[in-house]
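Read the structure below first, then the notes.
In what follows, chains are A, B, ... by sequence order, proteins preceding strands, each numbered from 1. Note that this is a predicted model, so its numbers are computed, not measured.
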Protein chains: 2
Amino acid sequence: MSPRSQKLNNQMRSQTLAKIDSAALKVFAACGYHGATMRRIAQAAGLSYGLVYHYYPSKAKVFRRLVDFALTGSLEAMQQFMHASGSAWERMTAYAAMVVSSLFAGDTSLYFVIILQAMTQGRAIAGLPAHISRMFGRYYELLVPVIKEAQASGEAAPGDPAALAAGFFSMVQGLAMLTFQHQGLEERITPALLVNALRNPGYVPRSQSTGRPRPSGRKA
Amino acid sequence: MSPRSQKLNNQMRSQTLAKIDSAALKVFAACGYHGATMRRIAQAAGLSYGLVYHYYPSKAKVFRRLVDFALTGSLEAMQQFMHASGSAWERMTAYAAMVVSSLFAGDTSLYFVIILQAMTQGRAIAGLPAHISRMFGRYYELLVPVIKEAQASGEAAPGDPAALAAGFFSMVQGLAMLTFQHQGLEERITPALLVNALRNPGYVPRSQSTGRPRPSGRKA
DNA sequence: GTCTATACACTGATAGAC
DNA sequence: GTCTATCAGTGTATAGAC
């Protein structure tokens, strides 16, 4: 019970917890919330079945923690880029570049899959749908003003900024799914793919204001 | 056993089967494959539990049939538009318009959710992941040539056409998820949102060839 | 064709030994 | 802290009455 051994215990504890989290992330992503079993998670973590319940009171809590991690992690990364310096358009492009590169680094794409699992099967977990809605609302609150700013400068496409944000998020989620299922997409998926979805096709940089209409009809 | 009664029986049979399919679609979409139970499906269909097994040998087969329906339905709709007349760009825009409007009609968005469920939890069903990959391959085979054609005319954005197609599909899937969870998005989500993701920002219709470079750097 | 009742396997969660 | 053994509950699939 000396302070020394206590510190070691804490270290061991967090290490085991990390093993559980990592294993649960993989199993949940592969099988879904209901499809995953605590036995499988324990096995993937290389631990005994009962030990998982020493760290988590229930399967729902394990899942919930991963979802929280994914949601808050995404929000913080987004905040970091949206509150940075530079024009609105520059911040959006920088953010898109970060997102795409992160899809191929570590377990990031797994967290996107977890969010998707939570959206499609999270009704069984009390309060989870509301929590997701709340967090998504914060995403929009963060992104919409920047999109509006980029629309004012003419760089972002006109129209409902919230819809633009929704399209952006949708593409990110979908691309994460693809990278999760197939490998070797690093060179095919580029930030330009995301940025282009936000771009105003009629934008003329800042010199020649020929006043020509946008290339193609918008309501087609 | 007269032909008359046999015909009536067939009619009843297909009617009951339709009830099961419709109920299963809703339950699977709401709970996921593993989260859905056969009891719930029977209850939603207004039928007894055992009767469902008179029409389907297993839960996996029910799900599999819905997935097949969704995948082949999407493919046929896509074929219809891609093989239509008009320029490649016109066909793509017409297809995008159809997709967006279908998201708000009937159970279409539910089928998109089913496909997503199959992608994220379908490993438990033998042969399903392979089948999905195969069908997705056919989507690409159908779409990529049209995108290439639209790139040649300058209307579609340059770059890997398969990646463009992937981004397009990703956005469709994500928007379907949103319309499934929240209602009243009919006016916010427009075909332009999808079309814009494919558009070449540097395209100049066909008159003034000022030769100016594309508005913004592509690798940002 | 339709229903009820049941066998069997599996999973989440707990108890208790080391 | 870690493990094994166990219980209660649930879900799939089947059997058999009507």
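- The phosphate of D:dA13 (OP1 or OP2) has a side-chain N or O of B:Tyr53 nearer than 4.0 angstrom.
- From A:Cys31, atom SG reaches atom CD of B:Gln121 across 9.0 Å, with rounding to the nearest 0.5 Å.
- Going from atom CD of B:Gln173 over to atom OG of B:Ser109 covers 11.0 Å, rounded to the nearest 0.5 Å.
- Of the residues near DNA chain D, A:Gly50 and A:His54, the one whose nearest nucleotide (by heavy atom distance) lies more toward the 5' end is A:His54.
- The ring of A:Phe169 has its center closer than 6.0 angstrom to the ring center of A:Tyr140.
- Between A:Tyr111 and A:Phe69, the ring center distance clears the sub-6.0 Å criterion.
- Taking a heavy-atom distance under 4.0 Å as the criterion, the stretch of DNA chain C touched by chain A extends 5' to 3' from C:dT11 to C:dT14.
- If you take CG of B:Leu51 and P of D:dA15, they are 17 Å apart, rounded to a whole angstrom.
- Annotation: cation-pi geometry not satisfied between A:Arg91 and A:Phe81 (NZ/CZ under 6.0 angstrom from ring centroid, within 45° of ring axis).
- Look at OH on B:Tyr55: it is 18 Å from C1' on D:dT14, rounded to the nearest Å.
- The local environment of CZ in A:Arg138 is sparse, with at most 12 non-hydrogen atoms from other residues, nucleotides or ligands closer than 6.0 Å.
- Residue-environment remark: CD (A:Glu186) exceeds the threshold of 12 foreign heavy atoms within 6.0 Å.
- Side-chain to base pairing of B:Tyr56 with D:dA13: no donor and acceptor N or O lie closer than 3.5 Å to each other.
- Annotation: proximity of residues 11-39 of chain A to DNA chain D (heavy atom, distance under 4.0 Å) is found for A:Met12, A:Arg13, A:Thr16, A:Arg39, numbered in ascending order.
- A cation-pi arrangement is absent between A:Lys59 and A:Phe28 under the rule of less than 6.0 angstrom and at most 45 degrees off the ring axis.
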